[in-house]
Protein chains: 2
Amino acid sequence: MAANTGGRRARLRQATLAEIHGAVRTLLVERGAAAVTINAVARQVGMSGPALYHYYASHDELVGAVTADFFRELAAAMEEARDAHADAPAGSRILAACRAMRAWAIAHPAEFGWVFASPISPLNRQSDSPRHQAGQRFEQVLLDLTVELWQTRPFPVPDLADLPASLREQLTAYSASIEGRLPPGAAHVFLTCWTRLYGLLCMEVLHQLDFAYTDVEPVFEECLSGIADVLALDRADRPTA
Amino acid sequence: MAANTGGRRARLRQATLAEIHGAVRTLLVERGAAAVTINAVARQVGMSGPALYHYYASHDELVGAVTADFFRELAAAMEEARDAHADAPAGSRILAACRAMRAWAIAHPAEFGWVFASPISPLNRQSDSPRHQAGQRFEQVLLDLTVELWQTRPFPVPDLADLPASLREQLTAYSASIEGRLPPGAAHVFLTCWTRLYGLLCMEVLHQLDFAYTDVEPVFEECLSGIADVLALDRADRPTA
DNA sequence: TAAGTTTTCTAGAGCCATTAAGGAAGCATA
DNA sequence: TATGCTTCCTTAATGGCTCTAGAAAACTTA
């Protein structure tokens, strides 16, 4: 199946894969998730339905592969924002990365919905799936930045003794899972910020805020401002949008 | 189509509708959303697929009708929590209703996922759809409680002049849409709390927190505690879980 | 009992995912 | 150059799905 990575055959295969991914995305954006069927994708790239099974073993796998693309694209957008001012303090780069995340979501609502606001099939939840891998790289971006902030300018953390035992244990486990790069208390702050950000974007994309807001942007900025408070960022570290 | 509401036919029809709703729910809970097909539901109630079209015009409409059930059930659970201690201050009843919301979500994850964490079809977004109606009743619960709190023990609100113009306009519009029961500043506080609560539950249900938490309960309690702070609730108004 | 209404059925069109079996073309080796 | 392996693609077929159409059955009412 997997040919030598350099040959002509391999290059053709890569081109076909790219075309397939493009067709999936086009269908998703223009006609919705339900329109992304194996048959429709195959038609779009000019082959018969079953031929697609030479590239992906199932519909789920195809969806997972393209979703991984989206994760990588989103991560790249955030990394670009992060690195645009490499000399700026970590705090302002965190906010820049968050804004980049929302900007990508606004520019690509269909893709964002697929990435975040849709149930993940069991296949794609396996830790060796491309989707899971790409998701981890994405999570890494904000985590890395938070670690950097923690090391250069530690933010206030709650007293572990004040937290319920169950939460303390979970935070300790999570801290260990990121090789202790953040101690449990700092991990708690990180996760709190992450939850607020992610929750708000999820709701926006799922149209759960439509009943009150037509433009979520100022709400998002207020959320960022809350995050900046929690992370004790200087006023100087808070570029205004 | 619609018979006299009292007759024997009408009663039979109601019974069949109830049986259909029950079958949908069973399939959803036991075999997932993808298993809820017109054919499977019909098989479950012992009729042929097309017969179901005498009750609902489409798969979407059926899903919307059952989702409306779930909204009503959730709203009822919250109302029950709210009314369990009718003499308690509004603040503690708000927290009780929030806990009831999460309790229902935990007890009925599949249903909750359908209600909140799934894209809404255009049909069910129409304001005359049962789903939309039931959703409004649900939203009412926390809104009513917040209005009561605002009237009995007003919480601090931000200075409108400090908010961006766009947000101010949207809040004014929202305040008008609820007949001014909350002024724009109070509406802002309400929506902020609502967003946090909803966002966290959404993420929990969508398994977006699995990478860090195995048990979200203490995280939820912390979120509630934050809400209690924003609403300036007394310590006495904060029953511990 | 006769007419009308409501419910249900079968048949079928047109999708879908997926599997099976086989043909054509590229490519390496004898 | 001839042979055989690999890759890519095809058609055919299975069994599911939504939804439509038209006929039959059941029940209500006059």
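Chain A is the first sequence line, chain B the second, and so forth, proteins listed ahead of strands; every chain is numbered from 1.
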K.L.:
Assign the ring pair F138(A) / W194(A) to parallel, tilted or perpendicular, where the plane angle (0 to 90°) is split at 30° and 60°.
P.N.:
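Aromatic pair F138(A)/W194(A) classed tilted.
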
K.L.:
Distances under 3.5 Å only, N/O to N/O: pair up the protein atoms with those of nucleotides 12-19 of chain D.
P.N.:
residue	atom	partner	partner atom	Å
dC17(D)	OP1	T37(B)	OG1	3.3
dC17(D)	OP1	R43(B)	NH2	3.4
dT18(D)	OP1	I38(B)	N	2.7
dT18(D)	OP2	I38(B)	N	3.2
dT18(D)	OP2	N39(B)	N	3.1
dT18(D)	OP2	N39(B)	ND2	3.4
dC19(D)	OP2	Y53(B)	OH	2.9
dC19(D)	OP2	H59(B)	N	2.8
dC19(D)	O5'	Y53(B)	OH	3.4

K.L.:
What distance separates F112(B) CZ from M101(B) CE, expressed to the nearest 0.5 Å?
P.N.:
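Result: 4.5 Å between the selected atoms.
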
K.L.:
Tell me which residues in residues 15-34 of chain A lie within less than 4.0 Å of DNA chain D, going by non-hydrogen atoms.
P.N.:
none

K.L.:
H54(B) has a side chain; which of dT10(C), dC9(D), dT7(C) sits nearest to it?
P.N.:
dT7(C)

K.L.:
Look at the side chain of S175(B) and the backbone N and O of L171(B), then say whether any donor-acceptor pair between them is shorter than 3.5 Å.
P.N.:
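Pair absent, no side-chain N/O of S175(B) close to backbone of L171(B).
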
K.L.:
Using OP1 and OP2 only, check whether a side-chain N or O of S48(A) sits under 4.0 Å from dT10(D).
P.N.:
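Yes, because at least one side-chain N or O of S48(A) sits under 4.0 Å from OP1 or OP2 of dT10(D).
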
K.L.:
Nearest-Å distance, OH (Y55(A)) to C1' (dC9(D))?
P.N.:
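For the pair Y55(A) OH and dC9(D) C1', the rounded distance is 8 Å.
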
K.L.:
Using only atom types and a distance under 3.5 Å, with no angle test, would you say the side chain of N124(B) pairs donor to acceptor with the backbone of S129(B)?
P.N.:
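Flag not set: sc N124(B) to bb S129(B) has no pair under 3.5 Å.
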
K.L.:
Does the plane of the ring in H108(A) sit parallel, tilted or perpendicular to the ring in W104(A)? Use 30° and 60° as the thresholds.
P.N.:
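Ring orientation of H108(A) relative to W104(A): tilted.
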
K.L.:
Give me the ring orientation class for F70(B) and W114(B): parallel if the planes are under 30° apart, tilted from 30 to 60°, perpendicular past 60°.
P.N.:
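If you compare the ring of F70(B) with that of W114(B), the planes turn out tilted.
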
K.L.:
Backbone N or O of T214(A) within a donor-acceptor pair of the Q170(B) side chain at under 3.5 Å?
P.N.:
yes

K.L.:
Could you tell me the separation between the CE atom of M47(B) and the P atom of dT6(C), rounded to a whole number of Å?
P.N.:
16 Å

K.L.:
State whether the side chain of R125(B) and the backbone N or O of I120(B) hold a donor-acceptor pair below 3.5 Å, judged by distance alone.
P.N.:
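Yes: the side chain of R125(B) pairs with the backbone of I120(B).
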
K.L.:
Atom CG of L12(B) and atom C1' of dT8(C): how far apart are they, to the nearest Å?
P.N.:
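Atom-to-atom, L12(B) to dT8(C), this comes out as 14 Å.
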
K.L.:
Counting the atoms with a prime plus P, OP1 and OP2 as sugar-phosphate, which does A51(A) contact under 4.0 Å by heavy atoms, base, sugar-phosphate, or nothing?
P.N.:
base

K.L.:
R13(A) has an atom CZ; how far is it from atom C1' of dT6(D), in whole Å?
P.N.:
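Checked: the CZ to C1' distance equals 12 Å.
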
